[in-house]
Chemist: 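Pasting a structure below so you can have a look.
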Number of protein chains: 2
Amino acid sequence: MSVRNAILSFLAQRPRHGYELRNAFEALVGGEDTWGVKPAQIYTTLTRLEEAGLICQESVEQDGGPEKRIYALTESGLLELQAWFGSGVESEHQRDEFFVKLMLSLSTEGVSPYRVIHTQRGLLYQELHDLTTRRSRSNPKTELAQILLFDKTIMHLEADLRWLDMVEARLDEIQRQPLPEPESKPRGRPKKS
Amino acid sequence: MSVRNAILSFLAQRPRHGYELRNAFEALVGGEDTWGVKPAQIYTTLTRLEEAGLICQESVEQDGGPEKRIYALTESGLLELQAWFGSGVESEHQRDEFFVKLMLSLSTEGVSPYRVIHTQRGLLYQELHDLTTRRSRSNPKTELAQILLFDKTIMHLEADLRWLDMVEARLDEIQRQPLPEPESKPRGRPKKS
DNA sequence: TAAATATAAACCAAGTTACTAGTTTTGTCA
DNA sequence: TGACAAAACTAGTAACTTGGTTTATATTTA
């Protein structure tokens, strides 16, 4: 979704071709190691946007080298973009992979939930360390936006670590509660009872 | 990925058929409004897992009604599952849609970044309110796991809100910094230096 | 007929792997 | 000095994977 809308937004500034869009995006998010977007993704997204009528091919340059398909925003593309800016970004509510893993580890024999937590904590600390290092290497005079993005991720990692401690402390309690295992219900409309 | 691995984990307990797996998953994550998984996703995932050789059809029950394809875990499926439990869940590092939107709003005319922040804050407060309500309606004697999952999401939302304030306070500063227009890299073979 | 179990086929959107092919610059060697 | 290979950039295509949705189905039972 981000890449898609970013393309629309760049094309709202002026018509561009695929490679130009890729560079613009990478510059915006902070380069390869932050959000490396592969060239192919730009082009597949462009064709999908064109199919949807949100952009159109304006012209094809060919100054000696390979072709440059120049895309431009259509009216409906502009509307879509404005709708995006006007709406909020919903969080991935409750779809937490680690939570699922932890719950499953409680009901799977041969797997220790404490070990699962331990492993996860190790990974989180690792990621936290990497990010703080990279954050401290950034220049606040020119890369403030990047630093703020680092801060956001760091805050999330710290929250995850606090949560992990919380869960670990109450794991016995969770384990004592009945596991939510539904038995297969009988076929057909349920009895009125 | 979660659904996929959850299926493997359920099949590790005992062989089951599609609908049974769906019920097990919904019971685990807490029902429709938390993580509604459509039946079709279970079946598509099952066929993909079978193609990958991680599960196999053990038998087909047919007690009068429609067939029930019973799936079982294979050895390589068990290995895969253990690998999953043994590894950590990596966070979606730095791929933040709202950050992209905010940055784009700075360089798109006709869009106010303050408005974008305002809208997002409204949505976050809304989500926070909904979650705290639902959390308070849960029973800690029987749904402790669910409550902890609510807590995790709530902690993330709170972090997002704090971050939003932080960013808003420094928005002028960000705006004064040069927009990261893509720097064109030097072409050709790099100098030996 | 209403409501539930149980499954299948077709499709979709985001993103990846692997590839082609030309361009520009630098390094090196005969 | 001239030829040429090496390395990186520019620009794009095709095929595939993955996670998920839409829609349609048949069956059972109150």
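Chain letters run A, B, ... following the sequence lines, proteins first, then strands; residues in each count from 1.
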Chemist: Nearest to the side chain of A:Y43, which nucleotide is it out of C:dA10, D:dG19, D:dT13?
Modeler: D:dT13
Chemist: By the salt bridge (Lys or Arg N to Asp or Glu O under 4.0 Å) test, which pairs, at least two apart or in different chains, include something from residues 91-100 of chain A?
Modeler: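 Non-adjacent pairs meeting salt bridge (Lys or Arg N to Asp or Glu O under 4.0 Å): A:D96-B:K152.
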Chemist: Please report, rounded to the nearest Å, how far the C1' atom of C:dA14 is from the CD atom of B:E92.
Modeler: 12 Å
Chemist: Look at atom CD of B:E158 and say whether more than 12 heavy atoms of other residues, nucleotides or ligands are closer to it than 6.0 Å.
Modeler: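 For B:E158, atom CD is crowded (more than 12 foreign heavy atoms under 6.0 Å).
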Chemist: Over how many whole Å does the gap from A:K68 atom NZ to D:dA11 atom P extend?
Modeler: 4 Å
Chemist: Do B:M1 and B:L11 belong together in a cluster built from hydrophobic side chains that touch within less than 4.5 Å?
Modeler: no
Chemist: What nucleotide, of C:dT7, C:dT24, C:dT16, holds the atom closest to the side chain of B:R187?
Modeler: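 Closest nucleotide to the B:R187 side chain: C:dT24.
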Chemist: Which class fits the ring pair B:W163 and B:F99: parallel under 30°, tilted 30 to 60°, perpendicular over 60°?
Modeler: tilted
Chemist: On DNA chain C, does the nearest nucleotide to A:I42 precede the nearest nucleotide to B:T44 from the 5' side, or the other way round? Give the residue.
Modeler: B:T44
Chemist: Is there side-chain contact between A:P113 and A:Q175, with at least one heavy-atom pair below 4.5 Å?
Modeler: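 Yes, their side chains come closer than 4.5 Å.
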Chemist: Measure the distance from CD on A:Q41 to C1' on D:dA15 and round it to the nearest whole Å.
Modeler: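 Rounded to whole Å, this separation is 16 Å.
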Chemist: Could you tell me how far apart A:L46 (CG) and C:dA14 (C1') are, to the nearest whole angstrom?
Modeler: 14 Å
Chemist: Nearest whole angstrom, please: distance from the P of D:dG19 to the CZ of A:R95.
Modeler: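 So the CZ-P distance, A:R95 to D:dG19, works out to 13 Å.
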Chemist: When the nearest nucleotide of DNA chain D is assigned to B:P186 and to B:S2 on a heavy-atom basis, which residue is associated with the more 5' position?
Modeler: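 In this pair, the answer is B:P186.
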Chemist: Measure CZ/A:R16 against P/D:dT10 and give the value in whole Å, please.
Modeler: 15 Å
Chemist: For B:P190 and for A:T45, find the nucleotide of DNA chain C with the closest heavy atom, then tell me which residue's nucleotide is more 5'.
Modeler: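 It is A:T45, whose closest nucleotide lies nearer the 5' terminus.
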Chemist: Looking only at side-chain N and O atoms, does B:K185 come under 4.0 Å of OP1 or OP2 in D:dC9?
Modeler: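 So the side-chain polar atoms of B:K185 never come under 4.0 Å of the phosphate oxygens OP1 or OP2 of D:dC9.
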Chemist: Please report the distance, rounded to the nearest Å, between CG in A:L8 and P in C:dA13.
Modeler: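 So the two atoms are 14 Å apart, to the nearest Å.
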Chemist: Is there a side-chain contact between A:D33 and B:Q94 (heavy atoms, below 4.5 Å)?
Modeler: no
Chemist: Is there a side-chain contact between B:R4 and B:L54 in this structure, where contact means two heavy atoms from C-beta onward sitting under 4.5 Å apart?
Modeler: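 In short, these two side chains touch, coming nearer than 4.5 Å.
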Chemist: Which whole-number value in Å describes the distance from B:R48 CZ to C:dC11 P?
Modeler: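 Distance check: B:R48 CZ to C:dC11 P gives 15 Å.
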Chemist: In residues 17-40 of chain A, which residues come under 4.0 Å of DNA chain D by heavy atom?
Modeler: A:H17, A:G18, A:Y19, A:A40
Chemist: Could you work out which one of D:dG12, D:dG20, C:dG15 sits closest to the side chain of A:R69?
Modeler: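 Selected nucleotide (nearest to the side chain): D:dG12.
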